[in-house]
*Asks:* 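Before anything else, here's the structure in question.
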Amino acid sequence: MNIEDKNYIRNHIKIYNSLTGKKELFQPINKKYVGIYVCGPTVYHDIHLGNCRTFISFDLVFRYFKHLGYKVRYVRNITDVGHLENERDDGEDKISKKSRIEGLEPMEIVQKYTISFHKILNIFNTLPPSIEPTATGHIIEQIDIIQELIKKKLAYEKNGSVYFDIKKYNKKFSSYGKLSHNKIDKLFNQKLKNNSSVVVEKRCFQDFSLWKRANDNHIMNWNSPWGKGFPGWHIECTTMSTKYLGEIFDIHGGGIDLKFPHHECELAQAIGIYENKNLAHYWMHTNMLTFNGKKMSKSTGNFLGLKDIIIYNKSFHPTIIRFFILQSHYRSLLNFSYQGLINAEKGYYRLMNAIEKLKHFSTKEKTKTNHYYSSTFNIIQWIKDCYNAINDDFNIPLLISFLFKASHIVNNSSSVINNMGCSDINLWNKYMNHFIFDILGLQTLSLEKNSSYETSKKFKVLIERLIKFRIEERKRRNWILSDRIRKELSHVGISLHDDKLC
RNA sequence: GGCACUGUGGCCGAGUGGAAAGGCAGAGGUCUGCAAAACCUUUUAUAGCGGUUCGAUUCCGCUCUGUGCCUCCA
């Protein structure tokens, strides 16, 4: 296996497919292309860390396929249609509600939180998707698809709303529930069983809406063959994913909380329209980020935003939060904790120190060019191990353990490194950078650990002069003064680490 | 009630039918004017009960525990 030849690595990627419950060999539909669709946010509030986890996880998938040389089309939607807070007819939609609270037009709310969404993800160093379609930008396409479903008798209109007919669909395709393994007759809904006009309207309570009639108070509405209304939640994803990726594409992703009913309904709609057996070959679901042991969720109030991550007046750089998130596998539950962040921060600096050291090794002149094989460290094997870890359903925690192993060798075994050829060290350096920066998407922090302090220019100059002064005093062996300055600086959060005096 | 998943040292978190990664903390050390940092070494773990097997943490069954979904949600 030639490490520089990515074909071998490309042919050995395994992905856990939620649809089958198994890890499967990844085989793209078109050899050189990968199509990914990920469900994006409803833009009516600042996204919280739980949302970020999912987008960071898929950012890694996107980065990895790109790194391997695939042409990736990553589509992630923006839900900017105000869906109802619950299925009751008199319910208010989330965007309207927010616009009432903030005194803005619904589309102002959408604009504000779309910008915020991009800003937050940018802070986390996630790459923008290839296409980011909005639900409001695809009303016509959604209406077309709904009409198609009506034509196929898989949907029916009632009082200006259109519902997906699950019983008819199941009779024809018998596949509702294939993703979530739910059986329709076993589903229940306590709230809807109480007198609700929606239940009366629907033929079956599991039927879901494709188009909803707009009440007078519903500001966001569009003309349709069934009167003024707005599209249902699931139809936008079926419409936009297939518009940009084709009737069947490679990977469909999202948070595990969307698996049912959202993804199940997306799938049903797609099968109903295109009459294929599937919508995406691989369904990936990221697990939840919990806080106090419970899922982070806007509606319950149990969530943390980026601004909330401050402890003892200390904030964490977003790249530390990213590293914290990546240290657990995307399918595992991860509980947010400050101790976890502190641990991640220390580990992060350990890796960064190693990368700095390695950089110096690689710039040194070396004469040897042969690959160095030792019983303790084999660079080629190490690179393979790293790729194998990612290839095994994106096992990033395992990859990180290999990175720590490498950093351990950088720190510990200068004899090993001295025996290595120049090409090996360059290779090592190159792949450390690939893994840490290109794939994990971590960033170097330009300032020291105290970077979070808002420091004015004058203050910075003052500190620099004080430190310079202290160095002079240390050279004069004026320990009392230099220790005092160190202590005073530590009170304002600036810690000094002395080297040996020359 | 149904479906899906989970349980690993003090904490966080991987993997595996054949001597259990890694990080943090703890302990010891190197370095240092001192301190810190950095680095090195190192102690401690597979929820319980059965079964399959030469051998189970891994596979199967049961019990207990926790989580998500069956309104809106990443």
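Nothing here was measured: the structure is a model prediction, and the numbers come from that model. Order of the sequence lines fixes the chain letters, A, B, ..., with proteins taken first and strands second; residue numbering starts at 1 for each chain.
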*Asks:* Classify the nucleic acid contact of A:G253 as base, sugar-phosphate or nothing, counting any heavy atom under 4.0 Å across all strands shown.
*Replies:* nothing

*Asks:* Which part of the nucleic acid does A:D483 contact within heavy-atom distance under 4.0 Å: base, sugar-phosphate only, or nothing?
*Replies:* base

*Asks:* Heavy atoms under 4.0 Å, any strand shown: does A:S180 hit a base, just sugar-phosphate, or nothing?
*Replies:* sugar-phosphate

*Asks:* Between B:G55 and B:G13, how many Å separate the two P atoms, rounded to a whole number?
*Replies:* 34 Å

*Asks:* Does A:R474 have a side-chain nitrogen or oxygen under 4.0 Å from the phosphate oxygens OP1 or OP2 of B:C34?
*Replies:* no

*Asks:* If you measure from the P atom in B:U6 to the same atom in B:G61, how many Å do you get, rounded?
*Replies:* 13 Å

*Asks:* Against A:F164, only a single residue in A:W211, A:Y169, A:Y176 fulfils ring pair (Phe, Tyr, Trp, His ring centres under 6.0 Å); can you say which?
*Replies:* A:Y169

*Asks:* Between B:U52 and B:A14, how many Å separate the two C1' atoms, rounded to a whole number?
*Replies:* 27 Å

*Asks:* Counting any heavy atom closer than 4.0 Å, what does A:D498 reach on the DNA or RNA strands: base, sugar-phosphate only, or nothing?
*Replies:* base

*Asks:* Look at all strands and tell whether A:K405 reaches a base, only sugar-phosphate, or nothing, counting heavy atoms closer than 4.0 Å.
*Replies:* sugar-phosphate

*Asks:* Taking the same atom, P, in B:A27 and in B:U53, what whole-Å distance lies between them?
*Replies:* 48 Å

*Asks:* Is there aromatic stacking of A:W479 on B:G33 here, judged by a ring-centre distance under 5.5 Å and a plane angle under 30°?
*Replies:* yes

*Asks:* Considering only atom P, compute the distance from B:G23 to B:U41 and round it to an integer number of Å.
*Replies:* 10 Å

*Asks:* Can you confirm whether A:F208 sits close enough to A:L210 that some side-chain heavy atom of one is under 4.5 Å from a side-chain heavy atom of the other?
*Replies:* yes

*Asks:* Measure from NZ or CZ of A:R203 to the centre of the six-membered ring of A:Y163 and say whether it is under 6.0 Å with the direction within 45° of the ring axis.
*Replies:* no

*Asks:* Between B:C24 and B:A35, how far apart are the P atoms? Round to whole Å, please.
*Replies:* 22 Å

*Asks:* What nucleic acid atoms does A:H181 come within less than 4.0 Å of, heavy atoms only: base, sugar-phosphate, or nothing?
*Replies:* sugar-phosphate

*Asks:* Expressed as a whole number of Å, how far does the C1' atom of B:U43 sit from that of B:A47?
*Replies:* 23 Å

*Asks:* Just checking A:S332: base, sugar-phosphate only, or nothing, at a heavy-atom cut-off of under 4.0 Å?
*Replies:* sugar-phosphate

